[in-house]
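The structure displayed is predicted, hence computed values, not measured ones. Below, all heavy atoms of this structure are taken into account, side chains as well, without hydrogens, waters or symmetry copies.
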Amino acid sequence: QVQLVESGGGLVQAGGSLRLSCAASGNIFSINTMGWYRQAPGKQRELVADISRGGITNYDDSVKGRFTISRDNAKNTVDLQMNSLKSEDTAVYYCNAQVVPLPLRNSRDYWGQGTQVTVSY
């Protein structure tokens, strides 16, 4: 079993900052890409940012220059630093990890339970 546990969501005023964290635990051999997705009410889940095991990052255009994704391979964690938050960033944020589990088999996607981020005017 593999679990992803998120923390750090909450309510913040526009222009403020939040930091989301996600820790993966369980029967893990290795983790490939880790990322953050979000889903706003009435909208589909969308990629916010992801990062490869080697540290290559990818951001949605809407968050470039404001959000920074980072990971610690030794701890199986991924963080999302969110600055200059806007009302349109309001959503449930989900952590995602492509995990190679133990016993060894093909990698598969795992998801966290989601954490609410609300940005007020």
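Here the side chains of Asn96 and Met34 are not in contact, with every heavy-atom distance at 4.5 Å or above. By the 4.5 Å heavy-atom criterion applied to side chains, Val78 and Cys95 are counted as neighbours. Between Gln113 and Glu6 the shortest side-chain heavy-atom distance falls below 4.5 Å. In this structure the side chain of Pro101 never reaches within 4.5 angstrom of the side chain of Phe29, judged on heavy atoms.
Here Gln116 pairs with Thr90, Val92, Thr118 under the side-chain contact (heavy atoms from CB on, under 4.5 Å) rule; sequence neighbours left out. For Lys64, the side-chain hydrogen bond (donor to acceptor under 3.5 Å, both in side chains) partners are Asp61, not counting sequence neighbours. For the side-chain contact (heavy atoms from CB on, under 4.5 Å) test, residues two or more places apart in sequence or in another chain that qualify with Val12 are Leu18, Leu85, Val119. Annotation: side-chain hydrogen bond (donor to acceptor under 3.5 Å, both in side chains) contacts of Thr57 (sequence neighbours excluded): none. Checked against side-chain hydrogen bond (donor to acceptor under 3.5 Å, both in side chains), Asn76 has no partners two or more places apart in sequence or in another chain. Annotation: side-chain hydrogen bond (donor to acceptor under 3.5 Å, both in side chains) contacts of Asn32 (sequence neighbours excluded): none.
Within 6.0 Å of the CD atom in Glu88, the count of heavy atoms belonging to other residues, nucleotides or ligands exceeds 12. Within a 6.0 Å sphere centred on CG of Leu104, heavy atoms belonging to other residues, nucleotides or ligands number more than 12.
No cation-pi contact links Arg38 to Tyr94, judged by a cut-off of 6.0 Å to the six-membered ring centre and 45° from its axis.
Arg71 and Asn73 share a side-chain donor-acceptor pair at under 3.5 Å. Remark: the Thr33 side chain and the Asp50 side chain contain no N/O donor-acceptor pair separated by less than 3.5 Å. No side-chain donor from either of Asp72 and Thr77 sits under 3.5 Å from a side-chain acceptor of the other. Between the side chains of Asn83 and Gln81, at least one donor-acceptor pair of N or O atoms lies under 3.5 Å.
Remark: Gln13 CD to Ser120 OG distance equals 5.0 Å, nearest 0.5 Å. Ser7 contributes atom OG, which lies 8.0 Å from atom CG of Leu20 (distance to the nearest 0.5 angstrom). Between atom OG of residue Ser25 and atom NZ of residue Lys75 there is a gap of 14.5 Å, rounded to the nearest 0.5 Å. Rounded to the nearest 0.5 angstrom, Ile51 CD1 and Ile31 CD1 are separated by 12.0 Å. Taking OG from Ser84 and CZ from Arg66, the interatomic distance works out to 7.0 Å, rounded to the nearest 0.5 Å.
Here the side chain of Tyr59 pairs a donor or acceptor atom with the backbone of Ile69 at under 3.5 angstrom.
In terms of heavy atoms, Ser70 sits closest to Arg19 at OG-NH2, 3.8 Å. Of all the heavy atoms in Gln3 and Gln1, the pair that sits closest is NE2-CB, 3.3 Å.
Remark: aromatic rings of Trp36 and Phe67 are distant, center separation not under 6.0 Å.
The only member of Val117, Asp89, Val48, Val63 that meets side chain to side chain contact (heavy atoms under 4.5 Å, CB included) when paired with Met82 is Val117.
Leu47 and Trp111 fall within the same hydrophobic cluster, defined by Ile, Leu, Val, Met, Phe, Trp and Tyr side-chain heavy atoms under 4.5 Å apart, directly or through other members.
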